[in-house]
Amino acid sequence: MSNQKKAYLALTVTSIVWGTTWVASKMGVAHMPAFELASIRQFLGGGIYILFFLLIKKEKLPTAKQFRWLIPMAFLMFVSSNGIATYGLQFITSGLAALIAALYPLSVVLIERFYYKAIKITPQTLLGLFLGLLGIGFIFYKDSLQVHGGNYALGVGLSLFAMLTWSIGSIIISRTKIEINQYYSIGWQMFISAIVMGLFTYLSGNYIAITEIPAISWGVIFYMVIGGSIFAFVSFIYSMKNLHPAIASLYAYINPIVAIWVGSLLIKGEQITWNSILGTICTLTGVYLVNRSLKKQKDPVEAIADADGM
């Protein structure tokens with residue numbers, strides 16, 4: 001099999017696995033506290049990354065300066081972005097959560113434009129921003145009161161906050177030059193976030209004993225660690241190295257579609273409706289237009305193309 005064919009296969013794996021991790025997380029929080037689920041997942045995933053780089057790649061432990069950078073990034077990229085997003089899944093569908101996460105290029109544009117003055121807002125950018133928010137608003141308006149009740153708004157708000165902190169973290173990563181392997185850094189961020197979320201879970205008293213975690217939750221955790229944090233991530237890196245960036249980044253548009261479709265098959269109450277279809281098309285079109293407008297400018301945020309999945 002040629003490298004290009006392998007790269008397309010890797011892109012397919014990335015798109016499907018990262019899309020299904022939203023559904024897996026939704027299934028997991030139905031049986032155990034969200035922050036405990038996220039903590040165990042990041043502890044195992046981060047531990048695997050760290051051990052690989054320490055034992056196989058012979059990397060040294062991060063310096064004090066590097067830890068001063070890793071700790072706040074762990075809060076932004078994993079405690080907030082992953083932990084809060086996982087908590088919010090209790091109140092909204094996995095497909096909507098994935099769709100909100102896909103909005104992060106829109107918030108990056110706004111932050112870059114109004115804080116760094118680095119992005120020019122073009123008519124195409126404005127149209128993309130409008131369509132992206134319109135799609136989410138359309139789904140929210142149709143579903144919130146009619147189907148899901150009062151906590152639906154809380155879930156949307158938490159997911160939006162998690163997406164915003166991921167955007168801020170992505171901008172900081174793209175603008176800060178720190179001498180540490182990017183993937184080794186991710187491992188430490190996962191591990192640090194696991195400790196923080198684990199402490200929060202313990203102190204809040206909202207946890208269940210390890211021995212009482214049901215088999216379905218352990219299955220979800222191992223799927224997200226092996227499939228989402230390792231296998232799909234390696235596939236993502238391979239596709240980025242062997243395909244044109246515009247093609248390799250298509251996973252970001254496929255993830256929410258996979259989450260919506262698989263969620264409708266596996267989770268009760270997540271049926272596909274016309275408003276979810278129209279809202280998804282509208283939002284992903286908006287995200288595409290924003291990404292396209294960024295690529296035409298000299299100072300796009302490179303981290304936009306490098307977002308991890310759930």
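FYI, the numbering just counts along the sequence from 1.
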Next on the checklist: Could you check whether atom CZ of F67 has more than 12 heavy atoms from other residues, nucleotides or ligands sitting under 6.0 Å from it?
Outcome noted: yes
Checklist outcome for this item: When rounded to the nearest 0.5 Å, the distance separating OG1 of T86 from NZ of K26 is 11.5 Å
Checklist entry - Listed by chain and number, what are the ring pair (Phe, Tyr, Trp, His ring centres under 6.0 Å) partners of Y183, not counting sequence neighbours? => result F233
Checklist entry - With sequence neighbours excluded, what pairs up with Y207 under the side chain to side chain donor-acceptor pair (under 3.5 Å) test? => result none
Next on the checklist: Treating K58 as the side-chain partner and L55 as the backbone partner, does any N or O pair qualify as donor plus acceptor under 3.5 Å?
Outcome noted: yes
Item to check | Which atom of M163 lies closest to which atom of A101, heavy atoms considered | outcome: CG-O, 4.0 Å
Checklist entry - Rounded to the nearest 0.5 Å, how far apart are CG of N151 and CD1 of I92? => result 11.5 Å
Item to check | Verdict with reasoning, I40 to I210, per side-chain contact (heavy atoms from CB on, under 4.5 Å) | outcome: CA-CA 10 Å; I40 295 174; I210 294 292; 4.1 Å; yes
Checklist entry - From I168 CD1 over to S107 OG, what is the distance, rounded to the nearest 0.5 angstrom? => result 8.0 Å
Item to check | Whether Y238 side chain and L9 backbone form a donor-acceptor pair below 3.5 Å | outcome: no
Item to check | Check: S264 side chain, Q271 main-chain N or O, donor-acceptor pair, under 3.5 Å | outcome: no
Checklist entry - To the nearest 0.5 Å, what is the distance between CG (L70) and CE (M190)? => result 13.0 Å
Checklist entry - What residues, two or more places apart in sequence or in another chain, satisfy side chain to side chain donor-acceptor pair (under 3.5 Å) together with Y223? => result T20
Item to check | Common cluster, L99/I254, ILVMFWY with side-chain heavy-atom separation under 4.5 Å | outcome: yes
Item to check | CE-CD1 distance between M73 and I186, expressed to the nearest 0.5 angstrom | outcome: 10.0 Å
Checklist entry - Can you find a heavy atom in the side chain of P123 that is under 4.5 Å from one in the side chain of L127? => result no
Next on the checklist: Starting from Y202, can I reach L199 by hopping between I/L/V/M/F/W/Y residues whose side chains sit under 4.5 Å apart?
Outcome noted: no
Checklist entry - Could you give the distance from CZ (F130) to OG1 (T125), rounded to the nearest 0.5 Å? => result 15.0 Å
Next on the checklist: Between F191 and Q42, is there a side-chain heavy-atom distance shorter than 4.5 Å?
Outcome noted: no
Checklist entry - What pair of heavy atoms forms the shortest contact from T283 to G135, and how long is it? => result OG1-CA, 3.2 Å
Item to check | S39 (side chain) donor-acceptor with A194 (main chain) under 3.5 angstrom | outcome: yes
Checklist entry - Has the side chain of Q90 got a donor or acceptor atom that lies under 3.5 Å from a matching backbone atom of V29? => result no
Checklist entry - If only atom types and distance count, is the side chain of T14 paired as donor or acceptor with the main-chain N or O of F236 below 3.5 Å? => result yes
Checklist entry - Which heavy atom in V13 sits nearest to a heavy atom in S235, and how many Å separate them? => result CG1-OG, 3.6 Å
Item to check | Any residue meeting ring pair (Phe, Tyr, Trp, His ring centres under 6.0 Å) with F200, in chain and number order, not counting sequence neighbours | outcome: F35
Next on the checklist: Taking side chain to side chain contact (heavy atoms under 4.5 Å, CB included) as the definition, give me every residue that meets it alongside P33, ordered by chain and number, with sequence neighbours left out.
Outcome noted: E36, N206, I208
Checklist entry - Which heavy-atom pair separates Y253 from L284 by the least distance, and what is that distance? => result O-CD1, 3.3 Å
Checklist entry - What residues form a side chain to side chain contact (heavy atoms under 4.5 Å, CB included) with Q4, not counting sequence neighbours? => result S2, Y8, L243
Next on the checklist: Quick check: closest heavy atoms across V156 and L96, and the distance to 0.1 Å?
Outcome noted: CG2-CD2, 4.0 Å
Checklist entry - Listed by chain and number, what are the side chain to side chain contact (heavy atoms under 4.5 Å, CB included) partners of K65, not counting sequence neighbours? => result T63, R68
Item to check | Shared hydrophobic cluster, I50 / V234 (ILVMFWY, side-chain heavy atoms < 4.5 Å) | outcome: no
Checklist outcome for this item: Of all heavy-atom pairs linking G132 and L106, the shortest is CA-CD2, 3.8 Å
Checklist entry - Which pairs count as side-chain hydrogen bond (donor to acceptor under 3.5 Å, both in side chains) when at least one residue sits in residues 185-199, sequence neighbours excluded? => result Y184-W188, S185-Q189
Next on the checklist: Would you say F78 ends up clustered with L51 if hydrophobic residues are merged whenever their side chains have heavy atoms under 4.5 Å apart, either directly or through other cluster members?
Outcome noted: no
Item to check | All side chain to side chain contact (heavy atoms under 4.5 Å, CB included) counterparts of I260, not counting sequence neighbours | outcome: I272, T280
Next on the checklist: What verdict does the side-chain contact (heavy atoms from CB on, under 4.5 Å) test give for V262 and W22, after you've listed the backbone C-alpha separation in whole Å, the side-chain angles of each residue and the deciding distance to 0.1 Å?
Outcome noted: CA-CA 10 Å; V262 175; W22 290 98; over 6 Å; no
Checklist entry - ring pair (Phe, Tyr, Trp, His ring centres under 6.0 Å) with Y288: which residues, sequence neighbours excluded? => result none
Next on the checklist: Restricting to side chain to side chain donor-acceptor pair (under 3.5 Å), what partner residues turn up for S159, sequence neighbours left out?
Outcome noted: none
Next on the checklist: Go through it in stages, so that I can follow the logic: the residues are N181 and E59, the test is side chain to side chain donor-acceptor pair (under 3.5 Å), and I'd like the CA-CA distance, side-chain angles, deciding distance and then a yes or no.
Outcome noted: CA-CA 9 Å; N181 181 284; E59 291 277 357; 4.5 Å; no
Item to check | Partner residues of S80 under the side chain to side chain donor-acceptor pair (under 3.5 Å) criterion, sequence neighbours left out | outcome: T165
Checklist entry - Does I230 belong to the same Ile/Leu/Val/Met/Phe/Trp/Tyr cluster as V220, with side-chain heavy atoms less than 4.5 Å apart forming each link? => result yes
Next on the checklist: Could you tell me if the side chain of L54 sits less than 4.5 Å from the side chain of L61, heavy atoms only?
Outcome noted: yes
Item to check | Atom CH2 of W218: over 12 foreign heavy atoms under 6.0 Å | outcome: yes
Checklist entry - When you measure from the side chain of S81 to the backbone N and O of A162, does any donor-acceptor pair fall under 3.5 Å? => result yes
